[in-house]
Amino acid sequence: SLQLTESLFKSDDISVETHLDSTVEIASFENELIQVMINILKNAYDALVDNKVQIPKIIINMSEDSSQRVKITIEDNGGGIPEVLGSKVFEPYFSTKSKNGTGLGLYMSKSIIEEHCHGKLSFHNTDVGACFTIILDKKAD
């Protein structure tokens, strides 16, 4: 996902910081997970560019959580999603992007993660932006 979006981020001087536990393997559908990651990364890119963030940054963390599942977080400093809209981000046809959004990206991402990959996709605002969390099963040893 990062290789596919790398040139987009470089063109707008957006730094991407990764903290990945390379020993953790995920039991999931690779192409579907790549699509979800690209969608979340593209949304972060849009927020950073649209809000003209001075020092735009995306932080990706991947680790094993306490229940032996894999936790992936994608966090940006693009200002977050207004509280009144936060509960709607995963609804079909809802978009925070005026005329350029279809409102299907996060809806499809949640569907892919929860129905196909048997995981969980959630969102919350941080002090500086949005954070999306994906929880997936760890690959059996």
Can you measure from [atom1] ([X]) to [atom2] ([Y]) and round to the nearest 0.5 angstrom?
X: I135; Y: S122; atom1: CD1; atom2: OG; value: 7.0 Å
X: F132; Y: E75; atom1: CZ; atom2: CD; value: 11.5 Å
X: F9; Y: K57; atom1: CZ; atom2: NZ; value: 14.0 Å
X: M108; Y: I113; atom1: CE; atom2: CD1; value: 11.5 Å
X: L136; Y: K120; atom1: CG; atom2: NZ; value: 12.5 Å
X: N43; Y: L48; atom1: CG; atom2: CG; value: 11.0 Å

Handout entry: E17 atom CD: more than 12 heavy-atom contacts under 6.0 Å
Key =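 For E17, atom CD is crowded (more than 12 foreign heavy atoms under 6.0 Å).
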
Exercise for the section: Look at atom NZ of K110 and say whether more than 12 heavy atoms of other residues, nucleotides or ligands are closer to it than 6.0 Å. Expected result: yes

Backbone N/O of [Y] and side chain of [X]: donor-acceptor pair under 3.5 Å:
X: N51; Y: A47; value: yes
X: T5; Y: L8; value: no
X: T126; Y: V128; value: yes

Exercise for the section: Check the pair I40 / L121 against side chain to side chain contact (heavy atoms under 4.5 Å, CB included), numbers first and verdict last. Expected result: CA-CA 11 Å; I40 295 170; L121 174 61; 4.0 Å; yes

Practice task
Just do the side chain to side chain contact (heavy atoms under 4.5 Å, CB included) check on C117 and L33 with the steps written out, would you?
Solution key: CA-CA 8 Å; C117 302; L33 185 55; 5.6 Å; no

Exercise for the section: Quick one: name the residues clustered hydrophobically with I34, using the 4.5 Å side-chain heavy-atom rule over I, L, V, M, F, W, Y, and just say none if it's on its own. Expected result: L4, I38

Problem - Name of the residue among T18, N77, L41 meeting side chain to side chain contact (heavy atoms under 4.5 Å, CB included) with I58 - result: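 Looking at T18, N77, L41, the match for I58 under the side chain to side chain contact (heavy atoms under 4.5 Å, CB included) is L41.
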
Problem - Single hit among M62, K138, R69 for side chain to side chain contact (heavy atoms under 4.5 Å, CB included) with I26 - result: M62

Fill in the blank from the handout: Smallest heavy-atom separation, S109 atom then N39 atom, equals OG-ND2, 3.1 Å

Problem - Nearest non-hydrogen partners of M37 and S1, listed with the distance - result: CB-OG, 3.2 Å

Exercise for the section: Side-chain contact test, heavy atoms from C-beta onward, threshold under 4.5 Å: evaluate it for V70 versus E64 and give yes or no. Expected result: no

Practice task
State, with a plain yes or no, whether a side-chain heavy atom of V36 is found less than 4.5 Å away from one of I134.
Solution key: yes

Practice task
Could you go through the side chain to side chain contact (heavy atoms under 4.5 Å, CB included) check for F123 and N125 one step at a time?
Solution key: CA-CA 7 Å; F123 141 83; N125 280 322; 3.6 Å; yes

Practice task
Report whether I59 and I74 are members of the same hydrophobic cluster (ILVMFWY, side-chain heavy atoms less than 4.5 Å apart, transitive linking).
Solution key: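 No; I74 is not reachable from I59 via cluster members.
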
Problem - Path from V24 to L20 over hydrophobic side-chain contacts below 4.5 Å - result: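 Same hydrophobic cluster.
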
Problem - Test log, rule side chain to side chain contact (heavy atoms under 4.5 Å, CB included), inputs H19 and I60 - result: CA-CA 6 Å; H19 304 279; I60 302 169; over 6 Å; no

Handout entry: Under 3.5 Å side-chain donor-acceptor pair for S63 and D21
Key = no

